[in-house]
Amino acid sequence: MKTTGWLFDLYPLGDRMVLWFITASGQRLRLEDDFPYCLYLGGPQARLQPLARILGQKGWLRRAYLSRGRDLWTGREIPVVALEVKAYGFLPRVRQWLGTLPAEVAAYNCDLDIAAAYLYTRGYWPCAWYELQAEDGRLLHLEPMEDAFALEFSVPPLNTLFLSLTRDRLIPLGAGNGLAVGWEDRTLELEAPDAPGLVRELARWLKSADPDLVLSDWGDDAIIPTVWRWSREYGAPLPLDREANPVPRRFSRGRSYFSYGRIVYQGSSAPFAGRWHLDRRNSFYYRESGLMGLIQIARIGQMPLQQAARSSPGTLITSMQLARAVADGILIPWRKAEPEHFKTAAELLTIDKGGLTFMPPIGLHTQVAEVDFASMYPTIMAIHNISPETVNCSCCLGEGAKGGKAVASSQWPVVSTSLTGDHCLPLVLPSIPVGATRRVAPDWPSSCNDLVPEAGYRLCHRREGLVPRTLRPILALREQLKARAKELPPEEAAPYKQRQTALKWMLVTCFGYLGYKNARFGKIEAHEAVTAYGRDKLLCAKETFEAAGFTVLHGLTDCLWVQKPGWDCRRGGPACPPSGEQTQGCAPTRGNSLSLTATQYEAELEDLCAKVFRITGVKLALEGVYRWIYFMASKQDPKRPVATRYFGVFEDGSLKVRGLMCRRRDTPPFVRRAQEAMLAKMALAATPRELAALRPSLEEMAQGFRQCLREGGINPQELVITRVLSQPLADYKVDTPTALAARQLEAAGIHIQPGEKVRYVHREGKKGPKECRVAAAPFLETLDGYDTTIYLELIERAMAEVMLPLREY
DNA sequence: TGCCAGTAAAG
DNA sequence: CTGCCTACTGGCA
């Protein structure tokens with residue numbers, strides 16, 4: 001049988017993979033494909049043969065044979081023994097045994113996810129169209145009809161069943177909470193007298209609808225584990241899977257883990273076999289980028305979609321790197337091999353600095369433009385060939401600087417950290433086959449490309465690293481998606497935006513992962529190299545703008561706020577407000593710059609952006625010109641500016657707000673909306689004078705909000721504060737509202753894990769008994785009132801923040 | 001007033 | 001796939 005099909009779902013079963021296709025004619029097709037899991041052993045030849053024999057005798061192997069693979073760190077081909085495991089069920093035992101091997105024997109490719117390993121080695125990816133050939137339910141041949149990184153792709157229509165709870169997810173199903181299903185624009189609560197009845201009702205829906213996609217809210221953590229337990233307890237069959245054979249279903253507990261210095265909670269997962277279950281509330285990527293974003297990352301990450309949905313960006317980018325490695329014949333180390341090189345305290349001070357910041361002048365400013373580097377860190381990794389194995393690589397050792405010190409040699413001069421001159425053109429490495437030895441062309445301006453600024457690390461010029469090879473196609477596709485979204489009308493642009501957003505998160509995380517001690521493809525020196533180049537490039541941008549007569553007001557990692565006094569903003573009013581604090585940014589205009597029009601201003605900015613791009617190799621884009629922008633002072637020391645709190649209005653009337661209360665997730669909705677309403681009003685002002693003129697009406701608005709709070713009668717939901725439990729409840733030393741609320745839930749039998757959200761309303765003053773201070777959601781129905789004082793304080797603070805620019809005129 | 005614990009933002 | 005750095009608040013000595 002020959003047909004075309006869309007690879008929908010796949011999972012391991014016994015010793016083979018099961019693949020589900022949706023064919024062009026709409027058929028749901030289940031096929032099996034024989035796939036032995038293969039891992040490798042490297043080390044002294046004499047050791048390997050006997051080891052393979054021992055494994056063979058244990059009956060865990062299908063076969064073992066000599067092979068070759070490439071070492072990640074050296075790029076050299078090495079001999080290995082390939083071991084094909086008889087059935088997937090033996091893998092845990094094999095891994096355990098491998099862990100007992102002496103250090104001279106290295107195990108490779110032994111901890112990959114089975115479905116992912118299948119996709120990597122076969123060169124397939126999910127959610128794509130294939131020409132396929134099959135017989136008796138066995139896959140004979142599969143030929144992709146499109147590219148994984150294609151700009152356009154099509155998705156067959158998916159039968160979708162919605163599943164949700166009728167009340168708060170913390171209320172257990174069956175104990176006051178109901179189950180609702182949605183199908184074809186209708187939603188109804190399932191009526192059943194008892195648990196087995198509910199299971200039968202749900203089973204009936206699954207059977208009759210036979211959905212491809214079950215889209216749920218809290219399905220992973222709350223709904224599916226419960227209904228599945230009932231199904232087993234009462235012997236009521238529940239066809240969650242399309243797979244007819246028994247599929248192991250274990251509901252792992254959710255995990256709490258750290259990411260970017262903050263704790264996050266990933267709930268347990270409940271995937272189905274042969275159809276998709278997506279829990280919207282338990283999927284980072286669904287939340288951030290919707291179904292199209294998910295499909296995008298499943299494709300390029302070569303990971304089954306249900307897994308991709310529940311993965312962190314870190315897992316996804318790692319999967320892409322693994323796929324790249326397998327495609328390039330690189331052996332995947334089991335545990336991270338390279339320790340961080342020793343650094344002196346002085347070196348740490350100069351190197352490990354992160355992003356560069358220029359502090360803004362406090363107060364209101366006009367004629368300010370913001371320029372941002374696009375995907376700065378990933379682009380740096382791509383164009384400078386930064387990868388764990390390319391920083392201070394052994395293959396180029398002796399050709400330049402040594403071991404992290406900028407040692408000058410006749411061949412590789414140390415360059416100044418300033419990039420303003422034209423001595424350093426950006427260089428995009430040609431795609432070098434990994435491992436291929438390639439001599440550097442003599443005309444490469446290699447000095448700055450191979451020596452990391454400040455740190456002086458060497459970068460490989462023989463091999464293109466795994467990370468750049470992985471990033472390059474993502475960067476290219478994201479660029480295309482962004483461009484496509486821009487040229488389309490909004491309603492058609494949405495899928496491209498979603499896909500673009502999904503890629504953004506992979507790119508961002510890729511940088512973070514370079515710095516993680518335990519990341520498989522991490523190396524702290526590579527991380528430092530990226531930030532060092534980043535500082536260099538931001539500095540270059542600053543100097544370029546200053547050389548053109550601009551003042552740089554503010555800078556943050558990859559953004560710059562610049563100003564050229566004198567542009568007449570054609571709305572009257574002085575070019576800049578007369579305020580003592582700001583004379584630095586608003587020096588008296590000299591010469592003829594008053595004749596500058598807005599268009600000329602933008603054109604000049606674009607010109608300079610293009611120039612910075614030519615020098616640095618990273619695209620600098622004009623984010624916009626502000627009608628006005630306000631940089632906030634520290635609350636602790638009003639004379640000191642803070643880098644991350646500002647707000648302003650662009651020429652097109654749109655707002656940009658950072659760091660204010662309305663941006664915080666622990667601000668109650670009522671306060672957030674109040675502040676947003678004030679800001680929306682302020683966005684109408686084109687000049688500081690107009691802004692000042694808004695004062696009476698803004699005061700009136702603020703008064704209205706206060707009044708509203710005093711009168712009471714606000715929906716408690718509007719006053720809910722959402723916070724993340726930062727540690728196990730028992731570890732709390734202070735009775736913060738968060739801890740008090742979590743304890744109330746604990747008392748009601750609801751256990752909150754670190755990283756999970758806690759929601760509460762302030763109920764009684766801070767001095768009252770601790771048990772009464774807050775009321776935890778979802779138990780707000782009985783709430784008799786709220787602490788007016790606390791909420792008035794919050795609203796006061798929110799109002800004060802946005803009223804600051806009015807005091808300037 | 002200074003210090004600590006707890007929490008969150010922007011990049 | 002596992003602990004940036006800085007700002008801010010609230011409570012306590």
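Everything quoted here is computed from the prediction, not taken from an experiment.
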Under 4.0 angstrom between [X] side-chain N/O and [N] OP1 or OP2:
X: A/R640; N: C/dC8; result: no
X: A/Y265; N: C/dT2; result: no
X: A/T357; N: B/dG11; result: no

Nearest listed nucleotide, side chain of [X], among [options]:
X: A/C559; options: C/dA7, B/dG11, B/dA10; answer: B/dG11
X: A/T644; options: C/dC8, C/dG10, B/dA9; answer: B/dA9
X: A/R658; options: C/dG10, B/dA10, C/dA7; answer: B/dA10
X: A/R663; options: C/dC8, B/dA10, C/dG10; answer: B/dA10

In whole Å, what separates the C1' atom of C/dC4 from that of B/dA9? 13 Å

For B/dA8 versus C/dC1, give the span between their C1' atoms, rounded off to a whole number of Å. 24 Å

Check the distance between [N]'s [atom2] and [X]'s [atom1] and give it to me in whole angstrom.
X: A/E370; N: B/dG11; atom1: CD; atom2: C1'; answer: 11 Å
X: A/L556; N: C/dT6; atom1: CG; atom2: C1'; answer: 11 Å
X: A/Q307; N: C/dC1; atom1: CD; atom2: C1'; answer: 14 Å
X: A/D787; N: C/dG10; atom1: CG; atom2: P; answer: 12 Å
X: A/I790; N: C/dG10; atom1: CD1; atom2: P; answer: 8 Å
X: A/E623; N: B/dA10; atom1: CD; atom2: P; answer: 14 Å
X: A/K523; N: C/dC1; atom1: NZ; atom2: P; answer: 24 Å
X: A/W334; N: C/dC1; atom1: CH2; atom2: P; answer: 16 Å

Between A/Y732 and A/T738, does any side-chain donor sit less than 3.5 Å from a side-chain acceptor? no

So, A/T315 and A/S312: side-chain donor and acceptor under 3.5 Å apart, yes or no? yes

Salt bridge flag under 4.0 Å for residues A/E389 and A/K523: no

Donor-acceptor list for residues 371-382 of chain A side chains, cut-off 3.5 Å, not counting sequence neighbours:
{"residue": "A/S375", "atom": "OG", "partner": "A/R478", "partner atom": "NH1", "Å": "2.9"}
{"residue": "A/T379", "atom": "OG1", "partner": "A/S375", "partner atom": "O", "Å": "2.6"}

Examine A/W561 together with A/F358 and report whether their ring centres are nearer than 6.0 Å. no

Applying a 3.5 angstrom cut-off to the pairing atoms, does DNA chain C sit in any stems of at least three consecutive Watson-Crick or G-U pairs? List them by first number. B:1-8 with C:6-13

Could you pull out all residues at least two apart from A/W125 that satisfy ring-ring contact (aromatic ring centres under 6.0 Å, His included)? none

A/A270: partners by side-chain contact (heavy atoms from CB on, under 4.5 Å), with sequence neighbours left out: A/D220, A/I224, A/F251, A/H277

Any residue meeting side-chain contact (heavy atoms from CB on, under 4.5 Å) with A/P313, in chain and number order, not counting sequence neighbours: A/F284, A/Y285, A/W505, A/T509

Per-nucleotide protein contact string for nucleotides 1-7 of chain B, where B marks a base within reach and S marks sugar-phosphate only (heavy atoms under 4.0 Å, - for neither): ----SSS

Which label fits A/F650 and A/Y626: parallel for a plane angle under 30°, tilted from 30 to 60°, or perpendicular past 60°? parallel

Name the orientation class of the two ring planes belonging to A/H527 and A/F511 (parallel below 30°, tilted from 30 to 60°, perpendicular beyond 60°). parallel

Would you indicate what [X] reaches in the nucleic acid, counting non-hydrogen atoms under 4.0 angstrom: base, sugar-phosphate, or nothing?
X: A/G314; answer: nothing
X: A/S311; answer: nothing
X: A/Y646; answer: sugar-phosphate

